[in-house]
Amino acid sequence: MNEQLKNNVILGLFILIKLSIHCLIPVDGFDLHRDEYLHLDQAHHLAWGFHSVPPVTSWISWLIFQLGNSVFWVKFFPALFGALTIAAVWKIIQTLDGGYFARISGALAILLSSILRTNTLYQPNSLDILCWTAFFYFLIRYIRSGENKCLYLGSIVMAIGFLNKYTICFLLAGFLAGLLITKQRVLFRQLAFYKALGLFFY
């Protein structure tokens with residue numbers, strides 16, 4: 001088995017385990033959390049968000065209703081975001097030249113941490129964690145490779161995160177402040193950086 005195939009198989013197993021834990025284990029006898037009912041009801045009030053609730057959860061809720069509105073689909077999306085978080089952590093460690101021990105340790109940390117509980121609930125939190133993690137992945141990739149596409153992809157992730165939960169603005173503020181005190185402040189002199197900011201606000 002070549003290295004790339006081995007890497008994909010191990011990562012795929014972690015993703016499969018994550019999805020199985022949340023979607024296949026019976027939950028008979030447990031009703032949905034009250035917040036889940038709130039977020040599901042947003043499917044009937046599609047808008048570009050409210051004072052405390054951005055629109056992404058409403059859109060996902062609408063999709064859940066189109067898929068049949070079963071408990072499986074309610075639990076599937078937070079589980080999917082949790083699985084993608086494992087993939088993002090795996091890719092971060094790989095980008096930093098971490099070996100299989102480091103990658104597996106990172107995947108287990110996500111799989112067995114308190115995020116396990118978070119990914120059982122249909123709330124904006126699971127996607128929020130994914131967006132934060134994915135942004136750091138693209139940031140690290142940009143620092144390592146200098147590819148402008150990483151800035152643009154990070155900007156898209158940040159935009160999705162903002163439309164999901166406004167707290168990602170703390171990440172944006174920290175990112176911009178961090179640029180000012182590190183050698184990465186050269187970004188302020190690059191056109192690609194302002195294109196990425198424009199993509200975020202667009």
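Just so it is clear, the model here is predicted, and its values are computed rather than measured.
Note: the hydrophobic cluster containing Val186 does not contain Leu151 (ILVMFWY, side chain heavy atoms under 4.5 Å, direct or indirect links). No continuous path of hydrophobic side-chain contacts links Leu191 to Leu199 [ILVMFWY only; heavy atoms under 4.5 Å]. No chain of hydrophobic side-chain contacts below 4.5 Å, direct or via other Ile, Leu, Val, Met, Phe, Trp or Tyr residues, connects Leu16 to Val9. The hydrophobic cluster containing Leu108 does not contain Phe101, counting ILVMFWY residues as joined when their side-chain heavy atoms lie under 4.5 angstrom apart, directly or transitively.
We find the CD1-CG distance between Ile115 and Asn125 to be 10.5 Å, quoted to the nearest 0.5 Å. Here the CD1-CD1 distance, from Ile140 to Ile92, works out to 5.0 Å after rounding to the nearest 0.5 Å. Distance CG/Leu121 to NZ/Lys75: 5.5 Å, rounded to 0.5 Å. In this structure, Thr118 OG1 and Ile129 CD1 are separated by 5.0 Å, a value rounded to the nearest 0.5 Å. Atoms CD1 and CD1, on Ile64 and Ile60 in that order, are 7.0 Å from each other to the nearest 0.5 Å. Between Leu111 atom CG and Ile17 atom CD1 the span is 6.5 Å, to the nearest 0.5 Å.
Taking the six-membered ring for Trp and the full ring otherwise, Phe76 and Trp73 have centroids separated by under 6.0 Å.
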For side chain to side chain contact (heavy atoms under 4.5 Å, CB included), just list the numbers for Lys18 and Leu116, CA-CA rounded to whole Å, side-chain angles, deciding distance to a tenth of an Å, and then say yes or no. CA-CA 9 Å; Lys18 179 68 173 177; Leu116 182 66; 4.2 Å; yes
_Intermediate values then yes/no, side chain to side chain contact (heavy atoms under 4.5 Å, CB included), Asp41 and His44_ = CA-CA 6 Å; Asp41 189 61; His44 306 299; 3.5 Å; yes
Audit row: Phe77, Tyr122, ring-ring contact (aromatic ring centres under 6.0 Å, His included) steps and yes/no | CA-CA 7 Å; Phe77 285 97; Tyr122 178 60; 7.4 Å; no
- Query: Could you walk me through whether Arg103 and Asn7 pass the side chain to side chain contact (heavy atoms under 4.5 Å, CB included) check?
  - Reply: CA-CA 10 Å; Arg103 294 176 215 173; Asn7 180 77; 2.6 Å; yes
Query - Val56 vs Trp59, side chain to side chain contact (heavy atoms under 4.5 Å, CB included): CA-CA, chis, key distance, verdict - result: CA-CA 5 Å; Val56 165; Trp59 301 340; 4.1 Å; yes
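Of the N and O atoms on the side chains of Tyr152 and Glu147, not one donor lies less than 3.5 Å from an acceptor on the other residue.
Taking every heavy atom of both residues into account, Asn69 and Phe65 meet most closely at ND2-CE2, 3.4 Å. Among all heavy-atom pairs drawn from Ile168 and Met158, the shortest one is CG1-SD, 3.7 Å. Of all heavy-atom pairs spanning Ser113 and Ile110, the tightest one is OG-O, 3.3 Å. Between Gly106 and Ile93 the shortest heavy-atom distance is CA-CD1, 3.8 Å. In this structure, Ala88 and Thr133 approach most closely via the heavy-atom pair CB-CG2, 3.7 Å. Considering all non-hydrogen atoms of both residues, Tyr142 and Cys150 come closest at CB-CB, 3.7 Å.
Remark: side-chain polar atoms of Tyr194 are paired, donor with acceptor, to backbone N or O of Phe188 under 3.5 angstrom. One N or O on the side chain of Thr95 and one on the backbone of Lys91 form a donor-acceptor pair closer than 3.5 Å. Ser58 places no side-chain N or O within 3.5 Å of a backbone atom of Leu46 that could act as its donor or acceptor partner. One N or O on the side chain of Ser155 and one on the backbone of Phe200 form a donor-acceptor pair closer than 3.5 Å.
Contact check for Pro54 versus Tyr166: side-chain heavy atoms found under the 4.5 Å cut-off. Between Gln94 and Tyr137 there is no side-chain heavy-atom pair separated by less than 4.5 Å. Residues Val74 and His39 have side chains not in contact (no heavy-atom distance under 4.5 Å, counting atoms from C-beta outward). The shortest distance between side-chain heavy atoms of Trp90 and Ile10 falls below 4.5 Å. At a threshold of 4.5 Å between non-hydrogen side-chain atoms, the residues Ile104 and Phe14 count as touching. The closest side-chain heavy-atom distance from Asn148 to Phe193 is not below 4.5 Å.
A side chain to side chain contact (heavy atoms under 4.5 Å, CB included) with Ile160 is found for exactly one of Val157, Leu163, Ile156, namely Ile156.
Cation-pi geometry between Arg141 and Phe138 is not satisfied (NZ or CZ under 6.0 Å from the ring centre, within 45° of the ring normal).
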